[in-house]
Amino acid sequence: MEEEPEKKSTSNWEKYESFVSTLGKWAWIIILINAILTFFYGIWVLAWGGIYWWLWAGGVAYGIWLIICAILIAILAFFIVKPRFSDKWASKDWDFLLNDVLVIGNVRIPWMLIIGIIIEILGLWWWGGLAILIPMIFLLVAGPKPYNWKK
């Protein structure tokens, strides 16, 4: 009886797949929680800015900025991250995630990285954007298929 040849993985993807797939699947919820907390913090800042007159100008402007950012982050979570990325992570559609790119010149930049960076910039706390960036970085570096940055 012949023995089947042992399958050798070219990467460590099997180690990370469950973790990054789960994180990617729930990224939109994590981002939404970040947006909700940012929104309420913005209201808190507005309240304190209104109470203490020396904080008024900076506090009100910052509070309004936080509320606007929270709304933008929530919109991104519901209308872009969930349908475009999190659903693909849940179904483990690596081909889509690796090929959903913005091409600038000869460079292919994954949209998930771009959206993650935008959320990092708009978000008050660092963990909101990381929920989308960590899975994508794992997919790019140790994914089941090599990623080609050049067109």
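In what follows, residues are counted from 1 in the order of the sequence shown.
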Report all side-chain donor-acceptor pairs from residues 67-76 shorter than 3.5 Å, counting only partners two or more places apart or in another chain.
none

Contacts table for residues 113-130: side-chain donor-acceptor under 3.5 angstrom, sequence neighbours left out:
from: Glu120; atom 1: OE2; to: Gly129; atom 2: N; distance (Å): 3.2
from: Glu120; atom 1: OE2; to: Leu130; atom 2: N; distance (Å): 2.9

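The ring-ring contact (aromatic ring centres under 6.0 Å, His included) analysis of residues 129-148, with sequence neighbours excluded, yields the pairs Tyr16-Phe138, Tyr147-Trp149.
Taking every heavy atom of both residues into account, Leu97 and Met112 meet most closely at CD2-SD, 4.1 Å. When all heavy atoms are compared, the tightest approach of Ser86 to Gly24 is OG-O, 2.9 Å. Shown here for Ala27 and Ala131, the closest heavy-atom pair between the two residues is CB-O, 3.4 Å.
Atom CZ of Arg108 is separated from atom CG of Asn99 by 5.0 Å, given to the nearest 0.5 angstrom. In this structure, CD1 in Ile132 is found 10.0 Å from CG in Leu23, a value given to the nearest 0.5 Å. Note that the CZ atom of Phe39 and the CG atom of Leu66 stand 11.0 Å from one another [nearest 0.5 Å]. Atom CD1 of Ile33 and atom CH2 of Trp26 lie 10.0 Å apart (nearest 0.5 Å). Atoms CG and CG, from Leu140 and Asn148 in turn, are 11.5 Å apart once rounded to the nearest 0.5 Å. To the nearest 0.5 Å, atoms CZ (Arg84) and CZ (Phe79) are separated by 15.0 Å.
In summary, the aromatic rings of Tyr41 and Trp44 are positioned with their centroids under 6.0 Å apart.
Ile109 is listed as a side-chain neighbour of Val107, based on a closest heavy-atom distance under 4.5 Å. With a 4.5 Å cut-off on side-chain heavy atoms, Ile31 and Ile29 do not count as touching.
A donor-acceptor pair is defined here as one N or O able to donate and one able to accept, closer than 3.5 Å; no such pair exists between the side chain of Asn12 and the backbone of Lys15. Ser21 places a side-chain N or O within donor-acceptor distance of the main-chain N or O of Trp89, the cut-off being under 3.5 Å.
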> Given the rule in the side chain to side chain donor-acceptor pair (under 3.5 Å) test, do Ser91 and Asp87 qualify, once you have shown the distances and angles that lead to the verdict?
Replying inline: CA-CA 6 Å; Ser91 65; Asp87 291 347; over 6 Å; no
>> Set out, in order, the CA-CA distance, both residues' side-chain angles and the distance that settles side chain to side chain contact (heavy atoms under 4.5 Å, CB included) for Thr22 and Val20, then state yes or no.
In response: CA-CA 5 Å; Thr22 302; Val20 296; over 6 Å; no
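For Lys88, there are no side-chain hydrogen bond (donor to acceptor under 3.5 Å, both in side chains) partners, not counting sequence neighbours. Partners of Phe78 according to the ring pair (Phe, Tyr, Trp, His ring centres under 6.0 Å) rule, which considers only residues two or more places apart in sequence or in another chain, are Trp28. Under the ring pair (Phe, Tyr, Trp, His ring centres under 6.0 Å) criterion, Trp111 pairs with no residue, sequence neighbours left out.
The 12-atom threshold is exceeded at CH2 of Trp94, counting heavy atoms of other residues, nucleotides or ligands nearer than 6.0 Å.
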